[in-house]
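Take a look at the structure below.
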Amino acid sequence: MPGAWVNDAVCRDMGGASFFPPDDKPVTRDFYQRAREICKPCPVRAECLLSGLDEVYGVWGGLSPVARKTLRAEIAEGRP
């Protein structure tokens, strides 16, 4: 569960539709790009990413599921 940092998140009042794609539609690069733009100036982006690093769905800390998977692999390999 997210921590107290969510109170400072740029997205705190936006709902999940901007970050969690609908199951019945294909996800496009534009969807992820829009979410990244929302996340970009967020003061708690790092906390959000840490909270959602192991999530397999949605955008967390500005990263898509594929980007988070890549980051997890890099961390496991000891790469910065």
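The main-chain N or O of Val6 is never found under 3.5 Å from a side-chain atom of Arg12 such that the two would form a donor-acceptor pair. No donor-acceptor distance shorter than 3.5 angstrom exists from the side chain of Arg36 to the backbone of Leu63, with no hydrogens or angles considered. Judged by distance alone, with hydrogens and angles left aside, the side-chain atoms of Thr70 form a donor-acceptor pair with the main-chain N or O of Val66 at under 3.5 Å.
If you take OG1 on Thr28 and CZ on Arg34, they are separated by 5.5 Å, rounding to the nearest 0.5 Å. Distance check: Phe19 CZ to Cys48 SG gives 8.0 Å after rounding to the nearest 0.5 Å.
Nearest heavy atom pair, residue Cys39 against residue Gly62, reads SG-N, 3.5 Å. In terms of heavy atoms, Phe31 sits closest to Ala17 at CE1-O, 3.5 Å. When all heavy atoms of Glu55 and Arg72 are compared, the closest pair comes out as O-NH1, 4.0 Å. Nearest approach of Ala9 to Cys42, heavy atoms of both residues: CA-SG, 3.8 Å. Considering every non-hydrogen atom in both Tyr32 and Val59, the closest pair reads CD2-CG2, 3.4 Å. Across all their heavy atoms, Glu47 and Trp5 have their closest contact at CB-CG, 3.7 Å.
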Intermediate values then yes/no, side-chain contact (heavy atoms from CB on, under 4.5 Å), Val44 and Asn7: CA-CA 9 Å; Val44 293; Asn7 295 324; over 6 Å; no
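Hydrophobic clustering places Phe20 together with Val10 (ILVMFWY residues linked when any side-chain heavy atoms are closer than 4.5 Å, directly or through intermediates).
Using a 4.5 Å heavy-atom cutoff, the side chains of Asp54 and Arg68 are not in contact.
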